[in-house]
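Okay, structure first, notes after.
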Amino acid sequence: MINIIAFLGPSGAGKSTLQDFMDIPPVVTWTSRSPRVGEVDGVDYHFTTQETIMRMFEEGLLLEFTQYNGNLYATAAASFEQVIRSGALASVIVDSNGASELRKKYGERVLVLGVYAPVEECISRLQKRRDPNALERVFTYQEEVQAMQKLADLIVNNAKDNWERSKRLVQLFKKQLFM
């Protein structure tokens, strides 16, 4: 039984867009970065300090953490344990480290959904959301695509001209999960 859908792919590929479209409750992860305009603590992320995340990791409260652009991003193990115990379905956006750790710990209960878009579209999307780290995020594009190709169970081409097809595929997939 699948309990966790983990979205994986390069920055700007549309992971959050597809996660929102699937309407599967998200697991709220942790970060040491500052909130972006409109982000809400406890909804978009649990915003905290690097020291708190490191303490949580040392206490065994985190499944994993990753450093990205000078900030820490982490997933709390208890969130996933609760989803699995309840038999629910939840979603999370992760990097390759997070996808690997989820798969290692929860095996077949995790489905890794790769989300791909051409680099030019990723850049455009990051610029539209006024991401001050857009260029830094693009430097890891090839690495993120390679990791996605290695780890994903299914890859959705989320290019702008493929959006309607992506939505249909995700809707079909969601129906199969609930049958």
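Excluded from the calculations below are hydrogen atoms, water molecules and symmetry mates; all remaining heavy atoms, backbone and side chain alike, are included.
- Across all their heavy atoms, A74 and F65 have their closest contact at CB-CB, 3.7 Å.
- A donor-acceptor pair is defined here as one N or O able to donate and one able to accept, closer than 3.5 Å; such a pair exists between the side chain of Q50 and the backbone of G70.
- With D153 contributing its side chain and V112 its backbone, the two residues share a donor-acceptor pair below 3.5 Å.
- Between Y73 and T31 the shortest heavy-atom distance is CE2-OG1, 3.3 Å.
- No donor-acceptor pair closer than 3.5 Å links the side chain of N158 to the backbone N or O of Y116.
- R33 and Y68 form no side-chain donor-acceptor contact under 3.5 Å, judged by distance and modelled atom types alone.
- Residue E101 is tested with K104, R103, K105 for a salt bridge (charged side-chain N to carboxylate O under 4.0 Å, His left out); the sole match is K104.
- A salt bridge does not link R55 to E58: none of the charged nitrogens lies less than 4.0 Å from a carboxylate oxygen.
- Contact check on R125 versus E121 returns a salt bridge, with a Lys/Arg side-chain nitrogen under 4.0 Å from an Asp/Glu carboxylate oxygen.
- The closest side-chain donor-acceptor pair between E64 and T66 falls under 3.5 angstrom.
- Taking both residues in full, the closest heavy atoms of M148 and P10 are given as SD-CD, 4.5 Å, listed atom of the first, atom of the second, then distance.
- Using a 4.5 Å cut-off between side-chain heavy atoms of Ile, Leu, Val, Met, Phe, Trp and Tyr, with links allowed through other members, L89 and L111 fall into the same hydrophobic cluster.
- Note: the hydrophobic cluster containing V115 also contains M22 (ILVMFWY, side chain heavy atoms under 4.5 Å, direct or indirect links).
- The existence of a salt bridge linking D20 and K15 is excluded, since no basic side-chain nitrogen approaches an acidic carboxylate oxygen closer than 4.0 Å.
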